[in-house]
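Structure first, commentary second.
Quantities reported herein were computed from a predicted structural model and do not represent experimental measurements.
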2 protein chains.
Amino acid sequence: MSRKPMLRPGGRSARVQQAVHGAVRELTAELGRDALTVPLVAARAGVTPSTVYRRWGDLRELLSDVAVERLRPEAPPADHGDLSADLTAWAEEFLEEMSSPPGRVYIRDALLGDPDGTNAGQCSAYAAEQIDAVLTRARARGETTPDVETVIDKVVAPMMYRILFRPEGLETPYARQLVSSLLETRED
Amino acid sequence: MSRKPMLRPGGRSARVQQAVHGAVRELTAELGRDALTVPLVAARAGVTPSTVYRRWGDLRELLSDVAVERLRPEAPPADHGDLSADLTAWAEEFLEEMSSPPGRVYIRDALLGDPDGTNAGQCSAYAAEQIDAVLTRARARGETTPDVETVIDKVVAPMMYRILFRPEGLETPYARQLVSSLLETRED
DNA sequence: TCACTAAAGCTAAGACTTAGCTTTAGTTTC
DNA sequence: GAAACTAAAGCTAAGTCTTAGCTTTAGTGA
């Protein structure tokens, strides 16, 4: 979502965008991400390369846009009855998805081809939305909760830091431990 | 440090590496990072482009190596007399350097052209070393300290997450607040 | 000193990228 | 409803980067 003027669906721009994004997904599945080139994607999408270069600038920005789409959560977080269970389950799933090889590729792509930080911000907003849903639900039950920023600092940020900078030895217990530590040591 | 066989200084490989790294630094200063190309760097370094392609693979991996060099701390953290002051000063400086426009470019470059995660791991190791120095000094004074991993989770990771995913509104008070929160809420 | 090996130099072919101009699809106005 | 208008896509050619194969050189070890 870097420089796309957001036309109404059905317009030509929207069709081209769908075709190009679809081509990226298909070719990634068929040939692997590293085999993609702008001319290849354009051919599959049925457009000329110059269209892709004009709209996205280069392959990295295009891959960044597609990666953000893939990182969008597909469903609201599951309800396990209380804050601790909800947050633990969400964090475990987040860590598992994001630290998997494809997850890491998507995160890197999203960060990478993103001159203005829009796509990175979008990724963070997705996580914040999911967390907010969990916290809002807990408050509706009468539980007291930390705020979203605190959860991001104490749970999301450590997981993401390790995914990006220290890919070794990341397992679900780490997510569980971060959530426990957040909810125990709380007197605010 | 991706695929460099680490020859003894004085060897031809070492000379070429120095010349190429130097060329990247010079041209970045003169023309800006976005103007760099492999043929341009090679010409300045006095080598042929194929040498650069063979050794580094592509421009991104080369930029990643140079970025890691620049992210290496130049001096051990300053001694301010106690743990809280030392850690606060270190975190403030870290945040200021890393969140500056050039700092952000280096971090992205380091992460970006880094297929195996070696360079990212090196960046993290630099921070861990600095923190370890601060903590060791504090223990020598008789202070009790958290361990390095805890400081990384609670101070470094939140700062880095925001630098990468939410570049807006990052100021030194945030670093100070993370350190205070770490040292206050501690009963382990 | 001589053989050996790893890395750099060289060259040509191929692929990607850029820029300018033309054409088309979709919108707005009369 | 038709004609002018605009934004985006198509097309083409030139330039640049990238790759691959082979040759040469510098440094190492017998």
Side-chain angles (χ1 to χ4, degrees), chain A residues 1-24 26-28 30-66 109 112-115 118, chain B residues 1-24 26-28 30-66 109 112-115 118:
Chain A
M1 319 210 160
S2 302
R3 60 182 68 181
K4 285 174 289 325
M6 196 44 166
L7 294 195
R8 45 184 81 79
R12 181 167 61 163
S13 294
R15 278 200 309 277
V16 167
Q17 169 165 336
Q18 285 192 341
V20 171
H21 279 211
V24 169
E26 289 176 20
L27 290 168
T28 300
E30 293 171 21
L31 308 174
R33 176 190 165 288
D34 293 339
L36 299 199
T37 67
V38 170
L40 192 66
V41 170
R44 173 65 65 100
V47 303
T48 62
S50 54
T51 295
V52 174
Y53 286 118
R54 241 194 314 267
R55 283 263 301 259
W56 282 277
D58 62 17
L59 182 63
R60 276 161 41 191
E61 291 191 45
L62 172 56
L63 290 178
S64 179
D65 285 349
V66 174
D109 281 347
L112 229 142
D114 189 24
T118 310
Chain B
M1 318 212 159
S2 302
R3 60 182 68 182
K4 284 174 289 325
M6 195 46 165
L7 293 197
R8 47 184 78 80
R12 181 165 61 163
S13 294
R15 278 201 308 277
V16 168
Q17 170 167 336
Q18 285 193 342
V20 171
H21 279 212
V24 168
E26 288 175 21
L27 291 168
T28 300
E30 293 171 21
L31 308 174
R33 176 191 165 287
D34 293 339
L36 298 200
T37 67
V38 170
L40 192 65
V41 170
R44 173 65 64 101
V47 302
T48 63
S50 54
T51 295
V52 175
Y53 286 118
R54 241 192 317 264
R55 283 264 298 261
W56 283 275
D58 62 17
L59 182 64
R60 275 161 41 193
E61 291 191 46
L62 172 56
L63 290 178
S64 180
D65 285 348
V66 174
D109 281 347
L112 227 141
D114 190 23
T118 309

Euclidean distance, atom OH of residue B:Tyr53 to atom P of C:dT11 [Å, nearest integer]: 17 Å
Whole angstrom value for the distance that separates C1' of D:dT19 from CH2 of B:Trp56: 18 Å
Contact under 4.0 Å: B:Ser13 side-chain N or O vs C:dA7 OP1/OP2: no
Residues B:Ala45 and B:Ala19: closest non-hydrogen pair is CB-O, 3.5 Å
Please compare A:Pro39 and B:Val47 by the position of their nearest nucleotide in DNA chain C and report the one closer to 5'. B:Val47
In this structure, how many angstroms lie between the P atom of D:dA20 and the CZ atom of B:Arg55, rounded? 19 Å
Check this one for me: any side-chain N or O of B:Arg15 less than 4.0 Å away from OP1 or OP2 of D:dG27? yes
Taking the side chain as every heavy atom from C-beta outward, state whether B:His21 and B:Val24 have any atom pair closer than 4.5 Å. no
To the nearest angstrom, how far is A:Leu36 atom CG from C:dT17 atom P? 12 Å
D:dT18 P sits how many Å from B:Asp58 CG, rounded? 8 Å
State, to 0.1 Å, how close A:Leu40 and A:Ala35 come at their nearest heavy-atom pair, and which atoms those are. CD2-O, 3.6 Å
Let me know the distance between CG of B:Leu59 and P of C:dT17, rounded to the nearest Å. 13 Å
When the distance from CD of B:Gln18 to P of C:dA8 is rounded to whole Å, what number comes out? 14 Å
Give me the atom names and distance for the closest heavy-atom approach of B:Ala23 to B:Arg44. CB-CG, 3.6 Å
Does C:dG9 have OP1 or OP2 under 4.0 Å away from a side-chain N or O of B:Ser50? no
Measure from the side-chain heavy atoms of B:Arg54 and tell me the nearest of D:dG10, C:dA8, D:dT18. C:dA8
Stepwise side chain to side chain contact (heavy atoms under 4.5 Å, CB included) check, A:Asp109 with A:Arg33: CA-CA 10 Å; A:Asp109 281 347; A:Arg33 176 190 165 288; 2.7 Å; yes
With no angle test and no hydrogens, is the base of D:dA8 tied to the side chain of A:Arg12 by a donor-acceptor pair under 3.5 Å? yes
D:dG10 phosphate, OP1 or OP2, under 4.0 Å from A:Thr51 side-chain N/O: yes
